[in-house]
Amino acid sequence: MILPLHEQVRVRVHAVLSELYGLTDADATVSIEYPPNRTLGDLGTPVAFDLARRLRKAPRAIAQEIAGALGPMPGIVSVSAAPNGYLNLFLDRPSFLLSRLGVAGTLPPAPVRTEKTIVEHTAINPNKAAHIGHLRNSALGDTLVRVLTFRGNPVEVQNYIDDTGVQVADVVVGFQVLEQTDLAGARTIAASTRFDYYCWDLYARVTEWYGTDTERLKIRAATLHDIEHGTEPTASLAAFIADTVVRCHLTTMARLNIDYQLLTWEGDILRLKFWARAFEVLKQTGAVFLQAEGRLAGCWVMKIDDDSPAVEGDTAEADGAGEAEEREKVIVRSNGTVTYVGKDMAYQFWKSGLLGHDFYYRKFATRMTGDTLWATTSDPALAVPTHPQFGAAAATYNVIDVRQAYLQKLLKQALTAIGHSAEAERLTHFSYEMVALSHATATELGIAPPPGSDDARRPFVEVSGRKGQGVKADDLIDRVIEKARVEVARRQPDLPAADARTIAEYIGIAAVRYFLIKYSRTKVIAFDIDEALSFEGESGPYLQYAVVRANNIFQKLQDRLGLDEASLLAPLPAAPPDAINGADGDHELWGLVLEASRLDDVVEQVVRTLEFAVLAKYGFGLAQLFNAFYHRAPILNEERDDVRRWRAAAVAYFRQQLTRVLDLMGVAVPPRM
RNA sequence: GCGCCCAUAGCUCAAUUGGAUAGAGCGUUGGUCUCCGAAGCCAAAGGUUGCAAGUUCAAGUCUUGCUGGGCGCACCA
């Protein structure tokens, strides 16, 4: 934890700027950074650069004046003005580390946040098995949940289930037409096979079947109509498919330590007429209106903000008519049915507490934590009255890939249009790029594009769920765990098979989750099986291995010397601080401690930028620092008592912090590996 | 046509969102297990940050214009 120290320095520097130059807080921003190495300082600020022009002085001179006026600050032992103009500070190293280990001193309390935040992620169509693209969504979403929770935000995790869409309808068509079976038949299949895998193949067959005769699409339309209107037997079959596949998805996600608090079912939004209520609001506020003429006559439409600078050319009037029509989005079709966007608006209004209606709730399953996983329902007979309060959040994150950017923008506009720009501000589209396949992996899966084709020239191969091309999430997880198991067995031949299997699960999950997090979200991942399976270098297992090593040190200290962590650290407040102060010119120990303390700073950056690659890189860099320290600074074999204790203290803090980092990524540390 | 995103080492990616000498992993080459675990560590080689201007104390990062690529812009969901 380092941020309280940042804040303390910032406040003090602002006070000095006011004293010396009469500047207010608004005149200068004091950003706190970390000098490139520990001999320069532990914290630094480039504030003097900002002021150079205003004060007509060299940055160095300003930095010197500020340094001279700062005076003593708790936790800071000295200040220096670097020749290039940076103002650098040196921390009181022993007290910094001991307070963070709880051995001496106290830490300021964590900030309390009370505003409820909804995170919606996953939202996989419940008609087939999850694939790797879905995993990116869920891994990002779950990490967001963990990070927000870490900093004290109350979070509600939702998973939206589109049980009334064409994709489910397609699989219903597959059962009814291609398989010539019904609900009872589907139940029999579900009892004897991997139902989500079965549907994966069936869905591909249906898509192919449509392709040979477009007349067949009429069957899909009729099926979709039956699902939406609850017409039997189609509706019950669709409900069974969606329910069964959703449970498969939950099982898949649970393997990766991903879970949810509430499943929101689109069918309930329809049946409870959320749209009717939302439509009223939209009409009353004039956000949507009935288009009387032109191409969209008879549709209820919303004007789309053109937020491009839109240099209103003088000639815009002339040809404006046609273009104005372009900037309208249909919300209700001329046949009276609502579009996808409309349903989403109703859902978002509910999330933001602006709908004035609520779902009924039923118990759906038990979460990994032992708590209830709730689901919405429209049936009062199924409603459980003693449910938690859902919806009505102060802030919302919708985790959906970048292709949905346009629709997410419309959602924000709808909120603004009904007079709730504050809620619009606090709606965040957490977008990320797609997952494709590397050419090597596509070839391995037998779906390589034909040589010489356009697709063959692209840097990656797009996956197609419709054609059944792609990597199923469970297949990937199985392969990674199996490879880890072989590795564990090879390294530790004496280990019982069951233990090897358990450890392999820890390792495999770490590999998959780290892989999904380590890329910037604006980057397309060209998924490569060999790369994802690799346990060397920058990978989840590397981070786990570092913690396992650290844990082993304490285990051996206990076994060989009978020293536990508490008694090892207790004498440190009175011990000579040479080792941590780098009296011999070596600041490696302190460098590890300072870096480990930055977790709260990193978490804030992650929330600000929604860039989890930052968290992944931080964890990797921290593990690297530790590994280097581990090789150069022995603990068990160190003779000098105080040196050994300071090293142990640094390692204790390191493992505490890296374990937290892994937890934020949904990764646990195995007892050994 | 309009909008969003991407381009950094052979490959895959970072760079504290305008800061100090552009860093990692993989791959290549060479070291390193009587020594807390070698899924590790140490070292070498590898860069005109796509191109051209501009903004300032400072540009991989911001602006403009190019080049090349991806995605989006339905009375589909």
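Order of the sequence lines sets the chain letters (A, B, ...), proteins ahead of strands, with each chain counted from 1.
Candidate nucleotides B:rG40, B:rA77, B:rC36 were compared by shortest atom distance to the side chain of A:Glu536, and B:rG40 ranks first. Nearest nucleotide to the side chain of A:Phe620, out of B:rA20, B:rA24, B:rC36: B:rA24. For A:Val330, counting side-chain heavy atoms from C-beta on, the closest listed nucleotide (B:rC41, B:rC75, B:rC35) is B:rC75. Looking at the side chain of A:Lys617, the nearest of the listed nucleotides B:rA77, B:rC13, B:rC42 is B:rC13. The side chain of A:Phe49 lies closest to B:rC57, out of B:rG40, B:rA14, B:rC57. Proximity note for A:Lys556 (side chain, C-beta onward) versus B:rC36, B:rA20, B:rU17: the nearest is B:rC36. Distances from the side chain of A:Gln624 to the nucleotides B:rA14, B:rG25, B:rU16 place B:rG25 closest. Between B:rU12, B:rG70, B:rA77, one nucleotide has an atom nearer to the side chain of A:Phe460 than all others, and that is B:rG70. Listed candidates were B:rA24, B:rC73, B:rA77. Nearest to the side chain of A:Tyr406 is B:rC73. Taking every side-chain heavy atom of A:Arg333 into account, B:rA77 is the closest of B:rC42, B:rA20, B:rA77.
Between the C1' atom of B:rU16 and the CG atom of A:Leu43 lies a distance of 13 Å, rounded to the nearest Å. Taking atom CD1 on A:Ile304 and atom P on B:rC2, their separation rounds to 17 Å, with Å as the unit. Computed from coordinates, the A:His631 NE2 to B:rG40 P distance equals 9 Å when rounded to whole Å. For the pair A:Asp530 CG and B:rC11 C1', the computed distance is 14 Å after rounding to whole Å. Atom CG in A:Asp162 sits roughly 12 Å away from atom C1' in B:rC76 (whole-Å rounding). Summarising the geometry, the separation between CG on A:Leu543 and P on B:rG37 is reported as 19 Å, rounded to the nearest angstrom. At whole-Å resolution of the value, CZ in A:Arg56 and C1' in B:rC57 are 14 Å apart. Between A:Phe612 atom CZ and B:rC13 atom P the separation is 19 Å, expressed in whole Å.
Counting non-hydrogen atoms under 4.0 angstrom, A:Glu638 reaches nothing in the nucleic acid. Within 4.0 Å of A:Ser520, counting heavy atoms only, lie sugar-phosphate atoms of the nucleic acid but no base atom. A:Tyr34 comes within 4.0 angstrom of a base, heavy atoms only. Within the 4.0 angstrom heavy-atom criterion, base atoms lie near A:Leu407. Residue contacts shown for A:Met673 include a base, since a base heavy atom lies under 4.0 Å away. Heavy atoms of A:Ala633 sit under 4.0 angstrom from at least one base atom. Residue-level contact check: A:Val488 touches the bases, meaning some heavy atom is under 4.0 Å from a base atom. Residue contacts shown for A:Glu228 are absent, as no nucleic acid heavy atom lies under 4.0 Å away. If you check every strand for non-hydrogen atoms under 4.0 Å, A:Ile507 touches a base. Residue contacts for A:Arg53: at a heavy-atom cut-off of 4.0 Å it reaches the sugar-phosphate backbone alone, with no base atom in range. Among the heavy atoms of the strands lying under 4.0 Å from A:Asn627 are primed sugar atoms or P, OP1, OP2 only; no base atom is included. Backbone-only engagement by A:Thr522 is indicated by non-hydrogen atom pairs under 4.0 Å involving sugar-phosphate atoms exclusively.
Using a cutoff of 4.0 Å between basic side-chain nitrogens and carboxylate oxygens, A:Glu538 and A:Lys617 are scored as salt-bridged. With respect to A:Glu565 and A:Arg655, a salt bridge is recorded, a charged nitrogen being found less than 4.0 Å from a carboxylate O. A salt bridge between A:Lys303 and A:Glu328 is present, with a side-chain N of the basic residue lying under 4.0 Å from a carboxylate O of the acidic one.
Although no hydrogens or angles enter the test, the distance criterion places no donor-acceptor pair under 3.5 Å between the side chain of A:Asp601 and the main chain of A:Leu3. A donor-acceptor contact shorter than 3.5 Å is absent between the side chain of A:Glu638 and the backbone of A:Ala633.
Comparing the P positions of B:rA38 and B:rU32 gives a spacing of 15 Å, expressed to the nearest Å. Atom P of B:rG60 sits at a distance of 13 Å from the matching atom of B:rG18, rounded to the whole Å. For the C1' atom pair drawn from B:rA58 and B:rG54, the interatomic distance equals 15 Å after rounding to whole Å. A distance of about 10 Å separates the C1' atoms of B:rU8 and B:rG50, rounded to the whole Å. With both ends at atom P, the span from B:rA14 to B:rC5 equals 16 Å, rounded to whole Å. Atom P of B:rC2 sits at a distance of 48 Å from the matching atom of B:rA45, rounded to the whole Å. Taking the P atoms as reference points, B:rC41 lies 25 Å from B:rG47, given to the whole Å. As rounded to the nearest Å, B:rG37 and B:rC26 have C1' atoms that lie 23 Å from one another.
Contact of the A:Ser539 side chain with the A:Ser534 side chain is not registered, since no non-hydrogen atoms from C-beta on lie closer than 4.5 Å. Residues A:Val602 and A:Val614 are in side-chain contact: their nearest non-hydrogen atoms beyond the backbone lie under 4.5 Å apart. At least one side-chain heavy atom of A:Met673 sits under 4.5 Å from a side-chain heavy atom of A:Ile507.
In this structure, A:Tyr34 has its ring center under 6.0 Å from that of A:His6. A:Tyr160 has its ring centre no less than 6.0 Å from the ring centre of A:Trp265.
Contacts between residues 57-67 of chain A and RNA chain B, counted as heavy-atom distances below 4.0 Å, involve no residue at all.
Counting only Watson-Crick and G-U wobble pairs whose two distances sit under 3.5 Å, RNA chain B takes part in these stems of three or more pairs: B:1-7 with B:67-73, B:10-13 with B:23-26, B:28-32 with B:40-44, B:50-54 with B:62-66.
Look at B:rC13: its glycosidic torsion is beyond 90° from 0, and that puts it in the anti range.
Distance check, rounded to the nearest 0.5 Å: CD1 of A:Ile503 to CD of A:Glu487 gives 13.0 Å. Atom CG of residue A:Asn125 and atom NE2 of residue A:His134 lie 7.0 Å apart, to the nearest 0.5 angstrom.
Remark: the A:Thr164 side chain and the A:Glu266 side chain contain an N/O donor-acceptor pair separated by less than 3.5 Å. Inspection of the A:Ser520 and A:Glu611 side chains reveals an N or O donor paired with an N or O acceptor under 3.5 Å.
Here A:Tyr542 reaches the OP1 or OP2 of B:rC41: one of its side-chain N or O atoms lies under 4.0 Å away.
Between A:Tyr545 and A:Lys343, the one whose closest nucleotide on RNA chain B sits nearer the 5' end is A:Tyr545.
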